[in-house]
Amino acid sequence: TFYIKITITPFIDILGNAVALPAQSDSTNIILRIEAPSTLSKTPQQSFSLIPGYPNPFLFTTRIGFHSQNSGKFKLVIYNMLGKQIYQEYLIASKENNYFKFSGENLPTGIYIYTVIEKETALKGKLIKTK
C-alpha cells in the first residue's frame, strides 16, 4: 500500500495578473499488485538505426554509422543550418554495422544536420564542427 498526498495550488487570471488561491490537498492510498507475466515477448529489433557520429564534436573527420538488417545502397546527406545541402555520398552496405567516413576539415565551425537514407526511410542526426 502506498500513501499519496496531492496538493494543488490553483491560479486565476485577474486583469492579466496571476493570483494564487488557497492550496487544496487530497490524501489517498493506492494498492499495486504486480504479477509475473504469463508469456515473455521479445521486442523486435529495429531493422535500420543510427550509430551516432564519432567523434562529435569533430575537428577534421568523423564516422557516421548505421545498423541495418538489410544490405544495399545507402545515402548520406549533410546540410548546414540554413538547410542547404553541402555533402552527399553513397555506400553499398552489408548487413549489421556500416560507417561513412566524413571529412569536414574545410567546413566552417558550426552545427550540421545529417541524414542517412535507406530506400524510403531517413534517419537524422546532428554534427558539431569545432575549430
Side-chain angles (χ1 to χ4, degrees):
T1 302
F2 297 90
Y3 299 97
I4 297 175
K5 182 177 183 182
I6 299 171
T7 303
I8 297 174
T9 304
F11 288 86
I12 61 170
D13 184 347
I14 300 177
L15 301 174
N17 293 318
V19 177
L21 297 175
Q24 303 293 315
S25 295
D26 180 32
S27 295
T28 188
N29 58 27
I30 297 175
I31 299 173
L32 298 174
R33 184 173 157 185
I34 301 172
E35 296 180 5
S38 59
T39 61
L40 295 176
S41 62
K42 281 188 153 185
T43 303
Q45 186 177 13
Q46 291 181 331
S47 64
F48 179 44
S49 60
L50 284 180
I51 300 169
Y54 182 82
N56 191 14
F58 71 99
L59 186 58
F60 299 112
T61 62
T62 186
R63 287 185 347 154
I64 299 168
F66 61 93
H67 174 88
S68 179
Q69 293 180 357
N70 303 315
S71 58
K73 189 175 183 180
F74 291 76
K75 181 179 177 182
L76 169 68
V77 183
I78 298 181
Y79 302 91
N80 64 18
M81 289 307 291
L82 298 174
K84 180 181 177 188
Q85 180 178 323
I86 60 165
Y87 182 81
Q88 175 178 299
E89 178 182 351
Y90 290 92
L91 175 70
I92 303 300
S94 59
K95 292 181 180 180
E96 301 298 326
N97 296 343
N98 296 273
Y99 296 90
F100 291 97
K101 184 175 180 182
F102 173 66
S103 174
E105 63 184 301
N106 296 325
L107 293 176
T109 299
I111 299 172
Y112 297 87
I113 304 298
Y114 65 89
T115 303
V116 178
I117 303 166
E118 175 194 30
K119 297 178 185 168
E120 301 297 319
T121 304
L123 302 176
K124 297 180 185 290
K126 177 173 64 170
L127 293 173
I128 300 173
K129 168 74 162 72
T130 61
K131 291 183 179 185

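Residues Y79 and I117 are members of one and the same hydrophobic cluster, defined by side-chain heavy-atom contacts under 4.5 angstrom among Ile, Leu, Val, Met, Phe, Trp and Tyr. Both I128 and M81 sit in one connected hydrophobic cluster of ILVMFWY residues. Membership requires side-chain heavy atoms under 4.5 Å apart, directly or through other members. Cluster annotation: I86 is connected to V116 through the hydrophobic network of ILVMFWY side chains, with a link wherever side-chain heavy atoms come within less than 4.5 Å.
Between T61 and F58 the shortest heavy-atom distance is O-CB, 3.7 Å. The heavy-atom pair separating V77 from K75 by the smallest distance is CG2-CE, 3.5 Å. The minimum heavy-atom distance between Y99 and G65, with the atom names listed, is CD2-CA, 3.5 Å. Minimum heavy-atom separation, S25 to T7: OG-OG1, 3.2 Å. Of all heavy-atom pairs spanning K126 and Y114, the tightest one is N-CE2, 3.5 Å. Minimum heavy-atom separation, P10 to P22: CD-O, 3.5 Å.
Side chain of K129 to main chain of L59: a donor-acceptor pair is present (N/O by atom type, distance under 3.5 Å, no hydrogens or angles). Remark: the backbone N or O of K124 is not paired with any side-chain donor or acceptor of T115 at under 3.5 angstrom.
Of the inter-residue distances, the one linking L107 atom CG with Y112 atom OH reads 4.5 Å to the nearest 0.5 angstrom. Atom CD of E96 sits about 4.5 Å away from atom NE2 of H67, to the nearest 0.5 Å. One finds the NZ atom of K101 at 10.5 Å from the OG1 atom of T62 (value rounded to the nearest 0.5 Å). Taking CG of N98 as the reference point, atom CZ of F74 lies at 6.5 Å (rounded to 0.5 Å). The CD1 atom of I113 sits 11.5 Å away from the CG atom of L82 when rounded to the nearest 0.5 Å. Atoms CG and CD1, from L127 and I78 in turn, are 5.5 Å apart once rounded to the nearest 0.5 Å.
You'll find the side chain of L91 stays beyond 4.5 Å of the side chain of L76, heavy atoms only. Between L123 and F66 the shortest side-chain heavy-atom distance does not fall below 4.5 Å.
Residues S71 and S94 have side chains that never bring a donor and an acceptor to within less than 3.5 angstrom of each other.
The ring-ring contact (aromatic ring centres under 6.0 Å, His included) search around F102 returns Y87, not counting sequence neighbours.
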